[in-house]
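Have a look at the structure below, then the notes.
One-based numbering along the sequence shown.
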Amino acid sequence: MKLRRFVRLRAPPDVRAATVRLLTYNILSEGLALSAKHSYCPEALRQWAGSSGGGRSARLISEIEGYAAEVVCVQECTAGTAFPALCDG
(Lines give C-alpha, C1' and ligand atoms only; values in the text may rest on other atoms or scores of the structure.)
Protein backbone atom coordinates (compact mmCIF):
# COMPACT_ATOMS: atom_id res chain seq x y z
CA MET A 1 0.00 0.00 0.00
CA LYS A 2 1.38 3.39 -0.99
CA LEU A 3 0.85 6.02 1.71
CA ARG A 4 0.46 9.67 0.93
CA ARG A 5 3.06 12.20 2.04
CA PHE A 6 2.34 14.28 5.13
CA VAL A 7 3.09 17.99 5.28
CA ARG A 8 4.99 18.80 8.46
CA LEU A 9 4.30 22.15 10.07
CA ARG A 10 6.66 23.70 12.57
CA ALA A 11 5.38 25.23 15.79
CA PRO A 12 6.62 28.70 16.72
CA PRO A 13 9.63 28.45 19.10
CA ASP A 14 7.64 29.77 22.07
CA VAL A 15 4.92 27.11 21.75
CA ARG A 16 5.31 23.72 23.37
CA ALA A 17 5.03 21.23 20.55
CA ALA A 18 2.26 18.67 20.72
CA THR A 19 1.35 16.41 17.87
CA VAL A 20 -2.04 15.28 16.71
CA ARG A 21 -2.39 13.42 13.47
CA LEU A 22 -5.45 14.56 11.53
CA LEU A 23 -6.63 12.72 8.44
CA THR A 24 -9.26 14.00 6.07
CA TYR A 25 -10.45 11.59 3.40
CA ASN A 26 -13.00 11.86 0.61
CA ILE A 27 -14.38 8.33 0.32
CA LEU A 28 -16.55 9.04 -2.76
CA SER A 29 -20.04 7.94 -1.79
CA GLU A 30 -21.28 4.66 -3.21
CA GLY A 31 -23.88 6.39 -5.37
CA LEU A 32 -21.23 8.51 -7.05
CA ALA A 33 -18.71 5.68 -7.27
CA LEU A 34 -21.17 3.55 -9.22
CA SER A 35 -22.08 6.34 -11.67
CA ALA A 36 -20.93 6.34 -15.29
CA LYS A 37 -18.54 9.18 -14.45
CA HIS A 38 -16.22 6.65 -12.78
CA SER A 39 -16.68 3.83 -15.29
CA TYR A 40 -12.94 3.97 -16.09
CA CYS A 41 -12.53 1.90 -12.91
CA PRO A 42 -13.85 -1.69 -12.89
CA GLU A 43 -17.25 -1.87 -11.18
CA ALA A 44 -16.09 -4.67 -8.88
CA LEU A 45 -13.59 -2.23 -7.33
CA ARG A 46 -16.27 0.45 -6.91
CA GLN A 47 -18.71 -1.78 -5.00
CA TRP A 48 -18.95 -0.81 -1.32
CA ALA A 49 -19.15 -4.39 -0.01
CA GLY A 50 -17.39 -7.19 -1.82
CA SER A 51 -18.69 -10.71 -2.31
CA SER A 52 -16.18 -12.17 0.18
CA GLY A 53 -16.50 -9.50 2.86
CA GLY A 54 -13.96 -7.28 1.12
CA GLY A 55 -14.84 -4.47 -1.20
CA ARG A 56 -14.15 -0.78 -1.22
CA SER A 57 -15.19 -0.27 2.41
CA ALA A 58 -12.66 -2.84 3.65
CA ARG A 59 -9.89 -1.33 1.52
CA LEU A 60 -10.71 2.18 2.74
CA ILE A 61 -10.70 1.09 6.39
CA SER A 62 -7.35 -0.63 5.91
CA GLU A 63 -5.82 2.47 4.33
CA ILE A 64 -7.30 4.86 6.90
CA GLU A 65 -6.09 2.70 9.80
CA GLY A 66 -2.61 2.67 8.25
CA TYR A 67 -2.28 6.41 8.88
CA ALA A 68 -2.83 5.94 12.64
CA ALA A 69 -4.58 9.30 12.94
CA GLU A 70 -6.10 10.50 16.20
CA VAL A 71 -8.78 12.45 14.31
CA VAL A 72 -10.38 11.19 11.10
CA CYS A 73 -12.74 13.32 8.98
CA VAL A 74 -14.57 11.57 6.18
CA GLN A 75 -16.38 13.35 3.36
CA GLU A 76 -19.15 12.12 1.06
CA CYS A 77 -20.65 9.69 3.55
CA THR A 78 -24.22 8.61 3.02
CA ALA A 79 -26.64 7.48 5.72
CA GLY A 80 -25.69 3.84 5.14
CA THR A 81 -21.96 4.48 5.26
CA ALA A 82 -20.43 3.78 8.64
CA PHE A 83 -16.96 2.99 9.88
CA PRO A 84 -17.50 1.33 13.29
CA ALA A 85 -14.17 -0.46 12.85
CA LEU A 86 -12.42 2.91 13.22
CA CYS A 87 -14.11 3.81 16.50
CA ASP A 88 -12.52 3.07 19.88
CA GLY A 89 -15.69 2.58 21.79
Side chain to side chain contact (heavy atoms under 4.5 Å, CB included) evaluation trace for Ser57 with Leu60: CA-CA 5 Å; Ser57 63; Leu60 283 168; 5.7 Å; no
Any side-chain heavy-atom pair of Gln75 and Thr24 under 4.5 Å: yes
Test item: Ser62 side-chain N/O and Arg59 main-chain N/O as donor-acceptor pair under 3.5 Å: no
Whether Arg21 side chain and Val72 backbone form a donor-acceptor pair below 3.5 Å: no
Ring centres under 6.0 angstrom apart (Tyr67, Tyr25): no
Separation between CG of Asn26 and CD of Glu76, rounded to the nearest 0.5 Å: 4.0 Å
Between SG on residue Cys73 and CG on residue Leu22, distance to nearest 0.5 Å: 5.0 Å
Residues clustering with Leu28 (ILVMFWY side chains joined when closer than 4.5 Å, directly or via others): Leu32
Side chain to side chain contact (heavy atoms under 4.5 Å, CB included) against Leu34, all qualifying residues, sequence neighbours excluded: Glu30, Glu43, Arg46, Gln47
Side chain to side chain contact (heavy atoms under 4.5 Å, CB included) partners of Ala44, counting only residues at least two apart: none
Full working for side chain to side chain contact (heavy atoms under 4.5 Å, CB included) between Leu23 and Val71: CA-CA 6 Å; Leu23 173 69; Val71 179; over 6 Å; no
Hydrophobic cluster membership, Phe6 vs Ile64, 4.5 Å side-chain cutoff: yes
